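Take a look at the structure below.
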Amino acid sequence: MAKLFLASILLFIFFLYLPSPSHGVCHPSDMKALLKIKAALNNPSQMASWNETFDCCAPFQQLISCDPATNRVNNIYIDSDPRIRGRSIPSAISELTYLTLIFISPTGLVGSIPPSFAKLKYLQELIIWTNHLSGPIPEFLSQMQSLTFLRLTGNQFSGTIPASLSGLSNLTELDLSNNNLTGTIPDSFGNFSSQLNFLELQGNRLSGEVPRSLGNVDFLSIHLSNNEFTGDASFLFGSNKKTTDIYLDNNAFEFNFSNVEISSNLWRLNISHNKIFGSIPHGLATIPSLLLLNVSNNNLCGEIPQGGKLQSFGSSAYLDNKCLCGKPLPAC
Ligand SMILES: *[C@@H]1O[C@H](CO)[C@@H](O)[C@H](O)[C@H]1NC(C)=O
Ligand SMILES: *[C@@H]1O[C@H](CO)[C@@H](O)[C@H](O)[C@H]1NC(C)=O
Ligand SMILES: *[C@@H]1O[C@H](CO)[C@@H](O)[C@H](O)[C@H]1NC(C)=O
Ligand SMILES: *[C@@H]1O[C@H](CO)[C@@H](O)[C@H](O)[C@H]1NC(C)=O
Ligand SMILES: *[C@@H]1O[C@H](CO)[C@@H](O)[C@H](O)[C@H]1NC(C)=O
Ligand SMILES: *[C@@H]1O[C@H](CO)[C@@H](O)[C@H](O)[C@H]1NC(C)=O
Ligand SMILES: *[C@@H]1O[C@H](CO)[C@@H](O)[C@H](O)[C@H]1NC(C)=O
């Protein structure tokens, strides 16, 4: 108790002497942009305090923060507000030249991403999730060379995936899931470095074969569920990969599973609801970390290897195959 008290005092003193995060005046051009953004979004209540005398770099604000070194706005968040619904993304956001993060929560925004965003050369994270954006995924995103996170999940983007996105060499996450995208995964995606940890394309209408070049990228997680992919995907596996999550379920993949190389880093594997044939590789029975397996609804055959976690998943993980047998299914 006394220790806790002492710790609190020390913490208090620490904060007392911490220089306040930023207390400069709002840069005039940032101020101008913020007022334009407020007007374009129909004066939402969350921006009520934004006026000509407002200090946009005051500490502990909800929607914006500044870089303390330069007093320029570097992060902007837009939250749900009934006044914003049906508006489009204000192009004036791109006048906040020093932005590193744009985070737009579900707010009912429509339209597309303003082309002026291409100028945001310091932008690292662009997150616009569960809005009603539509039209094609813009090509100009590939000009935003600082991007590390691009997350556009849950909109209504349609058309094909721009091949040029693979030119974003610092990307660690690309999430275009749950849109209305068609066509194939561009060949160029094999040119992503293994710095691209997360590839999330589930819940679109993507089709055709996954390019073989994708086998060159060592993803942490690849999510292709709920599309119309066909053909081989065995090259996404590999004993030396760091990949923990592979979701291929609910497509029309068709390949021999028998000799797929299973990495000991694997945590979650869902290949349910495809046309995958052959048998369950023995490697799967040697992974102590496996948390999820579902191979149901395929054309698999033969005995389920005994060992590891394979008997812990329950029969629903194995049902509706051609001739799988052995625990947890009936004996062969
Ligand atoms: C700006 O907003 C602050 C606080 O919300 C208020 O006190 C001030 O009067 C406003 N200034 C102008 C010029 O409207
Ligand atoms: C990419 O990341 C590296 C390492 O973090 C950094 O030095 C480089 O400036 C980044 N490139 C761009 C265009 O931001
Ligand atoms: C997806 O696109 C099709 C036409 O290509 C259209 O009929 C459908 O309404 C779209 N779905 C959504 C959710 O936007
Ligand atoms: C991948 O990158 C290499 C070298 O930069 C380039 O020659 C090749 O055309 C690229 N492949 C695709 C499909 O874009
Ligand atoms: C695995 O895939 C099937 C088929 O798409 C789906 O019903 C199931 O919810 C998935 N399981 C998990 C845990 O993702
Ligand atoms: C799958 O591959 C295994 C091992 O190479 C082979 O023995 C088997 O015949 C193949 N299965 C089918 C259905 O082609
Ligand atoms: C496996 O996927 C099927 C759908 O294909 C689903 O019904 C079942 O509950 C899933 N089982 C497990 C253990 O994930």
Side-chain angles (χ1 to χ4, degrees), residues 129-130 151 153-154 173 175-182 185 197-210 212 215 219-239 243-263 265-330 332:
W129 62 284
T130 314
R151 193 181 290 166
T153 179
E173 171 168 333
D175 182 357
L176 304 177
S177 63
N178 300 318
N179 278 289
N180 204 0
L181 301 171
T182 51
I185 299 178
N197 282 326
F198 298 90
L199 181 62
E200 310 273 322
L201 299 176
Q202 70 272 21
N204 282 289
R205 295 187 295 135
L206 299 169
S207 59
E209 301 209 1
V210 170
R212 214 152 250 285
F219 300 105
L220 202 53
S221 170
I222 177 162
H223 211 144
L224 304 179
S225 315
N226 302 321
N227 279 291
E228 295 157 22
F229 290 118
T230 55
D232 194 6
S234 60
F235 47 83
L236 297 176
F237 297 81
S239 53
T243 314
T244 60
D245 294 55
I246 302 179
Y247 288 89
L248 305 177
D249 56 285
N250 207 18
N251 280 288
F253 284 116
E254 194 168 3
F255 60 90
N256 190 338
F257 199 36
S258 309
N259 280 347
V260 157
E261 287 182 17
I262 301 295
S263 142
N265 295 319
L266 197 64
W267 285 348
R268 299 180 191 85
L269 175 62
N270 196 346
I271 60 169
S272 171
H273 224 281
N274 281 288
K275 299 177 184 167
I276 296 167
F277 55 91
S279 56
I280 296 181
H282 281 271
L284 274 176
T286 64
I287 308 177
S289 55
L290 204 61
L291 297 172
L292 167 84
L293 178 75
N294 198 333
V295 303
S296 65
N297 260 290
N298 278 295
N299 292 322
L300 295 168
C301 214
E303 183 166 20
I304 297 169
Q306 305 292 301
K309 290 274 158 60
L310 291 191
Q311 277 62 52
S312 70
F313 296 113
S315 56
S316 78
Y318 300 99
L319 288 175
D320 294 313
N321 273 288
K322 195 167 143 206
C323 48
L324 275 184
C325 56
K327 272 189 191 134
L329 296 181
C332 297

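Both ligands and their constituent atoms are indexed starting at 1 by order of listing. None of these values were measured; they are calculated from a predicted model.
Between I280 and P305, the shortest heavy-atom contact is O-CG, 3.5 Å. Of all the heavy atoms in S263 and G238, the pair that sits closest is CB-O, 3.3 Å.
Here is the list of ligand 5 atoms found below 4.0 Å of a heavy atom in S272: 2 (O), 3 (C), 4 (C). Ligand 5 places these atoms under 4.0 Å from at least one heavy atom of Y247: 14 (O). Atoms of ligand 7 lying under 4.0 Å from at least one heavy atom of N297, given by number and element, are 5 (O). Close approach of ligand 5 to L292 (heavy-atom distance below 4.0 Å) involves ligand atoms 13 (C). Proximity to N270 (heavy-atom distance under 4.0 Å) selects the following atoms of ligand 5: 1 (C), 2 (O), 3 (C), 8 (C), 10 (C), 11 (N), 12 (C), 14 (O). Each of the atoms 1 (C), 2 (O), 3 (C), 4 (C), 5 (O) of ligand 5 lies under 4.0 Å from some heavy atom of D249. Numbered from 1 in the order shown, with element, the atoms of ligand 5 that lie under 4.0 Å from a heavy atom of N250 read 5 (O).
For a threshold of 3.5 Å applied to N or O pairs, the pair formed by N226 and ligand 5 contains no separation below that value. No N or O atom of H273 sits closer than 3.5 Å to an N or O atom of ligand 7.
Closer than 4.0 angstrom to ligand 6 lie heavy atoms from N256, S258, N259, F277.
Rounded to the nearest 0.5 angstrom, T244 OG1 and R268 CZ are separated by 6.5 Å. How far CZ of F253 is from CG of N298: 11.0 Å, rounded to the nearest 0.5 Å. Note that CD1 of I271 is 7.5 Å distant from CG of L293, once rounded to the nearest 0.5 Å. Note that the CG atom of L201 and the CG atom of N178 stand 10.5 Å from one another [nearest 0.5 Å].
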Tell me, with the steps shown, if L248 and L236 meet side chain to side chain contact (heavy atoms under 4.5 Å, CB included). CA-CA 10 Å; L248 305 177; L236 297 176; 4.0 Å; yes

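Heavy-atom neighbours of H223 NE2 from other residues, nucleotides or ligands within 6.0 Å: above the threshold of 12.
Taking a 4.0 Å cut-off on heavy atoms, G314 fails to register as neighbouring ligand 7.
Side chain to side chain, N251 and N227 fail the donor-acceptor criterion of an N or O pair below 3.5 Å. No side-chain N or O of S225 forms a donor-acceptor pair with one of Q202 less than 3.5 Å apart.
Only the side chain of S296 comes within contact range of ligand 7, with a heavy atom under 4.0 Å; no backbone atom does.
Side-chain contact between L284 and L266 is present, with heavy atoms from C-beta onward closer than 4.5 Å.
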